[in-house]
Amino acid sequence: MSQPSSVDELSSPSDFISRMRHTTAHVLAQAIRERMPEAQMGIGPVIDNGFFYDFQLPEQLSEDDFPAIEARMRQIVKADLPMVRWSEPREEARKRCEELSQTFKVRLIDDLPDEAEISFYQQGDFVDLCKGPHIESTGKIGAFKLMSIAGAYWRGKAENEQLTRVYGVAFETQDELDNYLIKLEEAKRRDHRVVGKHLKLFHIDDAVGQGLVLWTPAGGAIRTELQNFISNELRKQGYDQVYTPHIGRLELYKTSGHFPYYAESQYPPLVQREFLAALASDGCTCGELSNKLSDGDVEGYLLKPMNCPHHIKIFASQRHSYRDLPIRLAEFGTVYRWEQSGELNGMTRVRGFTQDDAHLFCTEEQVPGEIQGCLQLVKTIFGTLGMTDFRVRVGLRDPDSSKYVGDPANWDKAEAACREAAMTLGVPFSEEPGEAAFYGPKIDFVVQDVIGREWQLGTVQVDYNLPVRFDLTYTGADSMPHRPVMIHRAPFGSMERFVGVLIEHFAGSFPTWLAPEQVRILPIADRHAEWCEALKTRLVEAGIRATVDSRSEKTGKKVAEGQVARIPYLLVIGDRDIAAGNVSVRHRELGDLGGRSVDQFMDDLLHEVRERLLAPIPPVKEV
RNA sequence: GCCCACGUAGCUCAGUGGUAGAGCACUUCUUUGGUAAAGAAGAGGUCAUGGGUCCGAUUCCCAUCGUGGGCUCCA
């Protein structure tokens, strides 16, 4: 679901469908109020495809109640009640809401600016504070359906009351609604969790833990290809590969500022045995433990929530001249974060994930060029994968927040560099105040999943903070120590999330270079199996992921299963092929391509894989 | 973490207050078949886990764990 599409939560866009959806929300509120007269109403805005309305209810509402509520809503629609609007002075309006005991509406009025017009809408005997606009009468409402119930905090703040949010969708006609519901079903079929299970790409096991992804052989093949791809690009751009362990001393993260500041979003520290024993015998409380941890009285290790401190220590392990810079340290680094359980989602939101991470250490002057280089890499990767549907977000400081560290003057420079680099990408981008990391501005690349949720993939972040915290220096031309600037960047984001998004992007039909199984050879009869095995060996030796389906099944069945498994190439082999030294090629999308020589097939296939083509070159059918 | 829903065979799902079913997958046999699914037989489940109500619970109630959709959060 999406955010309220209006900036002002009391109003909604004025096109017919939006007005109609908004009116449907009021009809829902009326039906709920009739059912539970004590219900308090929160806000009820228009969203993509529909609406929601928040209520504080005297008793629990369940989705089982939807049929009854929908039935009452249909009666209200059928009654064709006119939507009557009027406005009144603040005090009067306030009194009216108080009399209706709508305390949330009173709070809304109190938050309205002095000059705001305060208006109400009424249908039948149901009155609601609302800026509108609405349609003329409830009879104009088309087809609607209540979708789900969710808890939602008043004003979106966790410390506020939790309200019951009812989501609904509404369209002008039943056909449009049916169409929407069908599309939703289709989208669910390409959900990476569904496709991932079907194609056996990954597995998450209770016994291993929530949000901890197990890469199966098929998923592993995809990941390996992606990592090889990016490693090659990094080499071309002058990156050096490093490796670092999965844990580090608490001290390291105190220096970096990650601990205890972000302690709640990390796995608890690994503390020494002696301390655990002392804890058990002394009856030390959890509060004491956390105090001792943050005071530094306890030695311990942290599962790393980020790779930067380790990379920084590699940089700092040697003296650097300005002539060495920039230094670019890359690692597929696995990090662990304690995401809230309600937020976990397949591969796209997990607790352990591997970033295609790198940290660049450069001079102030090199920052714009390095950012450009990062964006070039992103362009290459997304271009190769045919991912054009993403947006760029430039995260800037929130003007009225003190959570940022570092020199504001440096921030200004960094923000300017990000803005300029983003502009050169040639894609639409938005500047978003408040989206910056605590240590610097950033450029994010955001994509949507099958049901329209946005996920952040790659990121490029400038950091003026950590070099100070770790007192990093390089020797300048003046032989004096200077402070380097750091850039964190991960164009894929994490392998988990990226592959999750890719599964949905390709709906499981990966381009040949990424496909876990690229070629499946189908002998028609048992007597062809030996020849097929030899062919497989030849393909495998050429670096192709090929298998033979030598079961005693009919060819039609083997073809069907190969298609369902989304394998790019099926080779049907019988007497005719063996006699001619040919393979009969069937492509996943293009169908039966007829016979061609083994050499020809391999040349084409290897070219397609080497060039990482999204689709095969148009086939030249041999006669 | 919070709200609502869900958890039955490897997968997709039916079903019931009297200890369970289908399709696909799997195993074996028959079949050796040229581009989307050949036939038969077999095997497979302490109905998520732990309590409670009941003569009896997979079914009803509670808790826990997990999953899904939201909310909050997100270095």
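All values derive from a computational prediction rather than experimental measurement. Residue numbers start from 1 in every chain, and the chains themselves are labelled A, B, ... in the order their sequence lines are given, proteins ahead of strands. Worth knowing before you read on, the calculation uses all heavy atoms, side chains too, and leaves out hydrogens, waters and symmetry mates.
- Checked by atom type, the side-chain pair A:Thr459/A:Asp444 shows a donor-acceptor distance below 3.5 Å.
- Atom CZ in A:Arg588 sits about 17 Å away from atom C1' in B:U35, given to the nearest Å.
- If you check every strand for non-hydrogen atoms under 4.0 Å, A:Gln60 touches sugar and phosphate atoms only.
- Heavy atoms of A:Val564 sit under 4.0 angstrom from at least one base atom.
- Nucleotides B:G70 and B:C61 place their P atoms 27 Å apart, quoted to the nearest Å.
- The residue A:Arg193 sits close only to the backbone: its heavy atoms come under 4.0 Å of sugar-phosphate atoms, none of a base.
- Between A:Asp549 atom CG and B:A25 atom C1' there is a gap of 14 Å when expressed in whole angstrom units.
- A donor-acceptor contact under 3.5 Å is formed by the side chain of A:Tyr153 with the base of B:G1.
- Put simply, the side chain of A:Asp577 and the base of B:G34 share a donor and an acceptor less than 3.5 Å apart.
- The closest side-chain donor-acceptor pair between A:Asp463 and A:His488 falls under 3.5 angstrom.
- Under 3.5 Å, the side chain of A:Ser148 and the base of B:G70 form no donor-acceptor pair of N or O atoms.
- Nucleotides of RNA chain B nearest to A:Arg337 and A:Arg527 differ in position, and the one nearer the 5' end is that of A:Arg527.
- Going from atom CE of A:Met147 over to atom P of B:A5 covers 17 Å, rounded to whole Å.
- In this entry the distance linking CZ of A:Phe52 with P of B:C71 reads 8 Å, nearest Å.
- For A:Glu553 and B:C24, the CD to P distance is 12 Å, given to the nearest whole Å.
- A:Gln210 comes within 4.0 angstrom of the backbone, heavy atoms only, and of no base.
- Residue A:Thr164 is out of contact with every strand shown, counting any heavy-atom pair closer than 4.0 Å.
- Residue A:Gly342 is classed as a base contact, given a heavy-atom separation below 4.0 Å to a base.
- In this structure, A:Gly257 reaches neither bases nor backbone, as no heavy-atom distance under 4.0 Å exists between it and the strands shown.
- Side-chain contact of A:Arg586 with A:Gln563: a donor-acceptor pair under 3.5 Å is present, judged by distance alone.
- Residue A:Arg453 has a polar side-chain atom (N or O) positioned under 4.0 Å from OP1 or OP2 of B:G69.
- Side chain to side chain, A:Asn307 and A:Asp357 meet the donor-acceptor criterion of an N or O pair below 3.5 Å.
- Across all strands shown, A:Ala560 has heavy atoms under 4.0 Å from base atoms, whether or not it also approaches the sugar-phosphate.
- Ring centroid separation for the pair A:Tyr53 and A:Phe51 does not come in under the 6.0 Å cut-off.
- Regarding A:Leu344, its CG atom lies at a distance of 12 Å from the C1' atom of B:C73, rounded to whole Å.
- If A:Ile524 and A:Ser62 are placed on RNA chain B by their nearest nucleotide, the residue sitting closer to the 5' end is A:Ser62.
- When heavy atoms are screened at a 4.0 angstrom cut-off, A:Asp206 is found touching the sugar-phosphate backbone but no base atom.
- Within 4.0 Å (heavy atoms only), A:Lys558 reaches no atom of the nucleic acid at all.
- A side-chain donor from one of A:Asn345 and A:Thr348 sits under 3.5 Å from a side-chain acceptor of the other.
- The interatomic distance linking A:Ile47 (CD1) with B:C71 (C1') rounds to 13 Å, in whole Å.
- In this structure, A:Ile204 reaches neither bases nor backbone, as no heavy-atom distance under 4.0 Å exists between it and the strands shown.
- Side-chain proximity of A:Ser584 to B:U35, B:G69, B:G33: nearest is B:U35.
- Across all strands, A:Glu159 comes closer than 4.0 Å to no nucleic acid atom at all (heavy-atom distances).
- Using a 4.0 Å cut-off between charged nitrogen and carboxylate oxygen, A:Glu161 and A:Arg107 count as a salt-bridge pair.
- Looking at heavy-atom distances under 4.0 Å, A:Leu522 makes no contact with the nucleic acid at all.
- Nucleic acid contact for A:Arg349: base, since at least one base atom lies under 4.0 Å from a heavy atom of the residue.
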